[in-house]
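A short worksheet on the structure shown next.
The shown structure was predicted, so the numbers you read here are calculated from the model rather than taken from an experiment.
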Amino acid sequence: MYRKEKSIQIKSSASALYNNLSVLPILDKNLSYFTIVHGNTVNMVSASTDGLNFSHRQLQSKEGSVTVSSSMITQASWCVLPYRVLLVLTSQKGIQMYESDGSIMVYWHALDALETPPAQAVFARGIAAASGHYICVGTSSGLVLVFDIPNKGTNITLAEVLVEHRDPITDIASEVSESKDCPADLVTADDSGVLCVWKSGEDFKLVSKISAYGCTCSSVKMWKGVIAAAYGSGQIRIYDAASGMVHAEVNAHARWIYALDIAPNSGKLLSGAEDSFVQIWKLIKTPESDTVEIEHCHSECVTDVQICGSRFCDPEGNTFAVTGYDLCEIIRYIQI
């Protein structure tokens, strides 16, 4: 069971975007950072664990060093690498990377609109850290850009471009467990519902490709060689990362799922959808039989809120936060 905690007020409301909440716990300081996208602005809040102290910052969409009010931001997410943490913003103009507190922009990558047909929107979306020193970002043309990140400084380079998808990327996720022997450690999803599973490294290799089944895959997560994928149909599917085999399928929500998250230490899975419900599940992996089961643990109705972001706030999944379209607050829950 979870109970509602004191909400965190934000400067402007959340846009109706997939995965529109990112959380960075700073455990040694009893702090958590939150980001929510609104139009061409990212609302950034740092909050103490007790909920008494807050500080706010807003980041604007930029083209290089110039603020561009007409460029909508599509996602903001922290990428935790072994030696540094970067805040990555994607927009209609390109990709911005900041130091973790949002104080300094360390890299800008422009999207080339000339390569896109005139009638097609141009944007970047889908952000994940991979293999220690890479950050992967998806684009509306289906490309996945792989950036090589140095331990410090601004010498960030485009190392590789993954060409496998034919539709806009919706989400990217990397393996969250500490397991080193996983045959695959990255998954990319697109608007058609296709999933591509990769082994990251100096040369990214395609491990498997999971076919679409008629619905957009809006959010994906990876844990101990297992992929959890959420769809516009309200379903969650659990796949084996290496083979693409379906372990389980759940009719989780009545409407479009906007966000998934997984607690790496416990295997808890969190889903939030347009139907105003947040559901918490538990993934149970049985190595002997090579099976994965999904068990329902908790259901929370956030009345009259179209949920567009939901994230655990700690590795065990004892706390979680929720954002909703046109809502000027972050709603927090704690396990009791």
Side-chain angles (χ1 to χ4, degrees), residues 17-25 75 77-80 88 125-131 135-138 144 169-179 182-190 193-200 207-208 210 216-232 234-242 244-250 252-253 256-273 278-285 292-298 307-317 320-322:
L17 300 167
Y18 301 148
N19 306 301
N20 193 3
L21 175 64
S22 185
V23 180
L24 178 68
Q75 194 176 0
S77 182
W78 277 283
C79 289
V80 180
V88 182
R125 181 177 60 190
I127 304 164
S131 195
I135 289 177
C136 301
V137 181
V144 178
I169 301 298
T170 50
D171 197 19
I172 303 177
S174 55
E175 176 65 57
V176 296
S177 73
E178 296 297 320
S179 178
C182 290
D185 57 8
L186 186 77
V187 58
T188 53
D190 71 25
V194 168
L195 304 181
C196 291
V197 187
W198 309 84
K199 179 64 177 176
S200 64
V207 175
S208 63
I210 300 168
T216 295
C217 178
S218 52
S219 192
V220 285
K221 288 294 170 209
M222 219 174 176
W223 177 74
K224 293 188 176 180
V226 173
I227 294 168
Y231 294 89
Q235 291 182 316
I236 296 173
R237 284 185 164 194
I238 308 300
Y239 298 97
D240 180 79
M245 181 184 74
V246 178
H247 283 296
E249 183 178 275
V250 181
H253 291 270
W256 203 288
I257 300 175
Y258 265 59
L260 272 187
D261 196 21
I262 199 157
N265 292 1
S266 63
K268 286 181 183 176
L269 182 69
L270 176 69
S271 59
V278 176
Q279 308 283 9
I280 294 181
W281 317 81
K282 172 90 171 179
L283 296 181
I284 303 163
K285 192 171 182 184
V292 180
E293 295 179 359
I294 182 168
E295 175 185 285
H296 186 257
C297 301
H298 181 74
I307 292 165
C308 53
S310 53
R311 286 283 183 270
F312 286 118
C313 301
D314 66 282
E316 298 292 339
F320 68 90
V322 175

Residue set satisfying salt bridge (Lys or Arg N to Asp or Glu O under 4.0 Å) with Glu249, at least two apart, ordered chain then number -> Arg237
Checklist entry - Are any of the side-chain heavy atoms of Ser266 and Lys282 separated by less than 4.5 Å? => result yes
Any donor and acceptor pair, going by atom type alone, linking the side chain of Glu316 with main-chain N or O of Ala263 inside 3.5 Å?
no
Value for CZ (Arg125) from CG (Asp190), rounded to nearest 0.5 Å, stands at 9.5 Å
Side-chain contact, heavy-atom cut-off 4.5 Å: Ile236 with Ser271?
yes
Quiz item: Counting N and O atoms only, with roles assigned by atom type, does the side chain of Trp78 sit under 3.5 Å from a partner on the main chain of Val23, one being a donor and the other an acceptor?
Solution: no
d(Asn19 CG, Leu260 CG) to nearest 0.5 Å is 7.5 Å
CG of Leu283 to NE2 of His247, rounded to nearest 0.5 Å, is 10.0 Å
Tightest non-hydrogen contact, residues Leu195 and Ala189, listed as CD2-CB, 3.4 Å
Query raised in the report: With a 4.5 Å limit on heavy-atom distance, are the side chains of Asp261 and Phe320 in contact?
Result: no
(request) Without swapping roles, check the side chain of Ser174 against the backbone of Ala129 for a donor-acceptor pair under 3.5 Å. (result) yes
For Leu269 and Ala228 the tightest heavy-atom approach is CD1-CB, 3.9 Å
Quiz item: Is the closest side-chain heavy-atom distance between Ile127 and Cys79 below 4.5 Å?
Solution: yes
Just checking, is any N or O donor in the side chain of His253 or Gln279 under 3.5 Å from an acceptor N or O on the other one?
no
Problem set entry | Worked verdict on Val137 versus Ile172 for side chain to side chain contact (heavy atoms under 4.5 Å, CB included) | CA-CA 8 Å; Val137 181; Ile172 303 177; 5.6 Å; no
When rounded to the nearest 0.5 Å, the distance separating CD1 of Ile257 from SG of Cys308 is 14.5 Å
Rounded to the nearest 0.5 Å, the CG atom of Leu21 sits from the CD atom of Gln75 at a distance of 11.0 Å
Closest heavy-atom pair, Ile294 versus Ala248, reported as atoms and distance to 0.1 Å, is CG2-CB, 3.9 Å
Go through the steps for Val144 and Trp198 under the test side chain to side chain contact (heavy atoms under 4.5 Å, CB included), then give the verdict. CA-CA 11 Å; Val144 178; Trp198 309 84; 5.7 Å; no
Those residues at least two apart in sequence (or on a different chain) that pass side-chain hydrogen bond (donor to acceptor under 3.5 Å, both in side chains) with Asp185 are Ser200
Q: Could you walk me through whether Thr188 and Cys196 pass side chain to side chain contact (heavy atoms under 4.5 Å, CB included), step by step?
A: CA-CA 5 Å; Thr188 53; Cys196 291; 3.4 Å; yes
| Given side chains that start at C-beta, do those of Leu186 and Cys136 come closer than 4.5 Å, heavy atoms only? | yes
*asked:* So Pro25 and Asp314, do their side chains get closer than 4.5 Å, heavy atoms only?
replied: no
Sorted by chain and residue number, the side-chain contact (heavy atoms from CB on, under 4.5 Å) partners of Thr216 (sequence neighbours excluded) come out as Tyr18, Thr170, Asp191, Trp256
Looking only at heavy atoms, the pair that brings Tyr239 and Ala229 closest together is CE1-CB, 4.0 Å
Taking Gln235 for its side chain and Ala230 for its backbone only, find out whether a donor-acceptor pair lies under 3.5 Å.
no
Separation between SG (Cys297) and CD1 (Ile280), nearest 0.5 Å, reads 7.5 Å
Open item on the list: Apply side chain to side chain contact (heavy atoms under 4.5 Å, CB included) to residues Ile210 and Val187 and explain how you reach the verdict.
Closed with: CA-CA 10 Å; Ile210 300 168; Val187 58; over 6 Å; no
Note: Ser208 and Ala241 closest approach over all heavy atoms is OG-O, 3.1 Å
In short, Met222 meets Val197 closest at the heavy-atom pair CE-CG1, 4.1 Å
Would you say the side chain of Lys285 lies within less than 4.5 Å of the side chain of Val292, judging by non-hydrogen atoms? yes
